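What you see is a predicted model, and the numbers here were worked out from it, not measured in a lab. Residue numbers begin at 1 in each chain, while the letters A, B, ... track the order of the sequences.
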2 protein chains.
Amino acid sequence: MNDAFKALADPTRRQIITLLTERHRSAGEIADQFHISKPSISHHLNVLKQAHLIVDERRGQHIWYTLNTRVLQEVLGWLLNVTLLSHEA
Amino acid sequence: MNDAFKALADPTRRQIITLLTERHRSAGEIADQFHISKPSISHHLNVLKQAHLIVDERRGQHIWYTLNTRVLQEVLGWLLNVTLLSHEA
DNA sequence: TTTATATTTAGATAAACTTCTAAATAAGAG
DNA sequence: CTCTTATTTAGAAGTTTATCTAAATATAAA
């Protein structure tokens with residue numbers, strides 16, 4: 001779960017996640033939404049993939065990226081836990 | 001919210017948050033739970049404070065740290081949103 | 001098989017992060 | 001006032017991260 005938290009710590013990566021909530025997208029489509037180079041986006045996609053927050057699947061020339069909500073749910077669970085357990089809550 | 005996500009990206013800081021769900025604690029009590037130096041813990045506390053995840057209050061020689069669940073709830077909200085919006089969910 | 005498109009890998013650089021030790025500050029006790 | 005305890009600030013070292021350009025790989029089309 002540490003990898004997931006680290007992956008979520010970057011605003012570009014969080015925005016990629018937001019994009020993927022709408023529908024799956026190719027690496028190029030994702031890169032088009034940002035003002036940073038394709039190799040940089042590829043790096044971010046890799047960080048998200050290592051954290052299992054996204055899944056990739058090649059179809060022809062394109063590689064399609066999809067959200068994996070399972071890890072998102074684990075992080076959600078951690079946060080829900082500390083929030084609910086907190087005596088201030 | 002970026003500061004909160006960045007603050008949550010470190011395992012020591014997440015553990016500090018977990019400790020503070022039980023009850024408020026002084027900087028020294030927190031430091032005692034780890035094998036890293038007090039200045040390092042002080043630094044982590046500062047990162048959490050900058051992110052408004054915790055609040056500090058000096059009482060005499062001690063500084064007491066308390067969770068601020070408001071920011072935690074914001075992060076929770078973001079995650080809940082992307083998880084629920086996701087077509088895979 | 002050559003060319004074009006999509007994406008990643010390699011290697012470099014600069015900034016940010018974690019940690020340490022030593023020194024400084026703040027408050028209370030004698 | 002001096003001493004002790006609690007905590008932070010300063011400054012440095014080593015590591016990781018984000019980004020870039022150039023080159024490599026993979027697939028499809030001509």
Side-chain angles (χ1 to χ4, degrees), chain A residues 1-20 22-68 71 75 78, chain B residues 1-20 22-68 71 75 78:
Chain A
M1 190 142 71
N2 189 42
D3 284 345
F5 272 108
K6 279 164 80 176
L8 290 168
D10 181 273
T12 299
R13 289 194 292 263
R14 286 197 304 280
Q15 212 173 323
I16 289 173
I17 288 177
T18 300
L19 281 174
L20 293 178
E22 299 166 19
R23 55 181 168 77
H24 67 104
R25 280 176 153 94
S26 69
E29 281 178 332
I30 294 169
D32 287 346
Q33 306 290 322
F34 299 91
H35 293 146
I36 59 185
S37 70
K38 275 168 207 226
S40 294
I41 292 296
S42 184
H43 157 75
H44 285 306
L45 290 170
N46 198 249
V47 171
L48 290 167
K49 204 169 94 177
Q50 296 291 130
H52 302 103
L53 282 164
I54 61 173
V55 169
D56 65 338
E57 184 196 352
R58 178 180 278 275
R59 294 185 75 166
Q61 277 168 296
H62 296 266
I63 296 180
W64 295 94
Y65 284 95
T66 317
L67 266 189
N68 171 23
V71 176
V75 176
W78 186 88
Chain B
M1 191 139 73
N2 189 43
D3 284 344
F5 271 109
K6 279 164 78 175
L8 290 169
D10 181 272
T12 299
R13 289 195 290 265
R14 286 198 303 279
Q15 212 172 321
I16 290 173
I17 287 176
T18 300
L19 281 173
L20 293 178
E22 299 167 17
R23 54 181 168 76
H24 66 107
R25 281 177 154 93
S26 69
E29 282 178 332
I30 294 168
D32 287 346
Q33 306 289 321
F34 298 90
H35 293 148
I36 59 183
S37 71
K38 275 168 207 228
S40 293
I41 293 296
S42 184
H43 158 74
H44 285 307
L45 289 170
N46 197 248
V47 172
L48 290 167
K49 202 168 95 178
Q50 296 291 130
H52 302 103
L53 282 163
I54 62 175
V55 169
D56 66 338
E57 183 196 353
R58 180 180 278 274
R59 294 185 73 166
Q61 277 168 296
H62 295 265
I63 296 180
W64 295 94
Y65 283 95
T66 317
L67 266 190
N68 171 23
V71 177
V75 175
W78 186 89

Inset, instruction - State the CZ-CZ distance between B:Arg23 and B:Arg25, to the nearest 0.5 angstrom. - result: 4.0 Å

Legend entry - Nearest to side-chain heavy atoms of A:Arg58, which nucleotide of D:dT21, C:dA27, D:dA26: D:dA26

Inset, instruction - Give the nucleotide from the list D:dT8, C:dT8, C:dT21 with an atom nearest to the side chain of B:Ser37. - result: C:dT21

Legend entry - Separation of atom CG in A:Leu48 from atom C1' in D:dT17, rounded to whole Å: 14 Å

Legend entry - Distance, rounded to the nearest Å, where B:Lys49 contributes NZ and D:dT9 contributes C1': 12 Å

Legend entry - From B:Trp64 atom CH2 to B:Ile30 atom CD1, the distance as rounded to the nearest 0.5 Å: 9.5 Å

Inset, instruction - For A:Ser40 and for B:Tyr65, find the nucleotide of DNA chain D with the closest heavy atom, then tell me which residue's nucleotide is more 5'. - result: B:Tyr65

Inset, instruction - Could you please name the option among D:dA6, D:dT21, D:dA10 that lies closest to any side-chain atom of B:His62? - result: D:dA6

Inset, instruction - Name the nucleic acid region contacted by A:Asp10, choosing base, sugar-phosphate or nothing; use a 4.0 angstrom heavy-atom cut-off, strictly under. - result: sugar-phosphate

Inset, instruction - Would you mind telling me which residue lines up with the more 5' stretch of DNA chain D, B:Gln61 or A:Ile36, judged by nearest nucleotide? - result: B:Gln61

Inset, instruction - Let me know the distance between CH2 of A:Trp64 and C1' of C:dT7, rounded to the nearest Å. - result: 13 Å

Legend entry - Gap between atoms NE2 and C1', on A:His44 and D:dT17 respectively (whole Å): 9 Å

Inset, instruction - Name the closest nucleotide to the A:Thr12 side chain, picking from D:dT19, C:dT18, C:dT21. - result: D:dT19

Legend entry - Exercise: identify the closest heavy-atom pair between B:Ala9 and A:Lys6: O-CG, 3.4 Å

Inset, instruction - Starting at atom CG of A:Leu45, determine the distance to atom C1' of D:dT19, rounded to an integer number of angstrom. - result: 15 Å

Inset, instruction - Look up atom CG in B:Leu48 and atom CG in B:Leu20, then write down how far apart they are to the nearest 0.5 Å. - result: 8.0 Å

Legend entry - Distance, rounded to the nearest Å, where A:His43 contributes NE2 and D:dT21 contributes C1': 16 Å

Legend entry - Phosphate OP1/OP2 of C:dC17: any B:Lys6 side-chain N/O under 4.0 Å: yes

Legend entry - Gap between atoms CD1 and P, on B:Ile16 and C:dT18 respectively (whole Å): 11 Å

Inset, instruction - Assess whether side chain to side chain contact (heavy atoms under 4.5 Å, CB included) is satisfied between A:Ile54 and A:Asn68, documenting all intermediate values. - result: CA-CA 5 Å; A:Ile54 61 173; A:Asn68 171 23; over 6 Å; no

Inset, instruction - May I have the distance from B:Ile41 (atom CD1) to C:dT21 (atom C1'), rounded to whole angstrom? - result: 16 Å

Inset, instruction - Would you mind classifying the nucleic acid contact of A:Arg59 as base, sugar-phosphate or nothing, using non-hydrogen atoms under 4.0 angstrom? - result: nothing

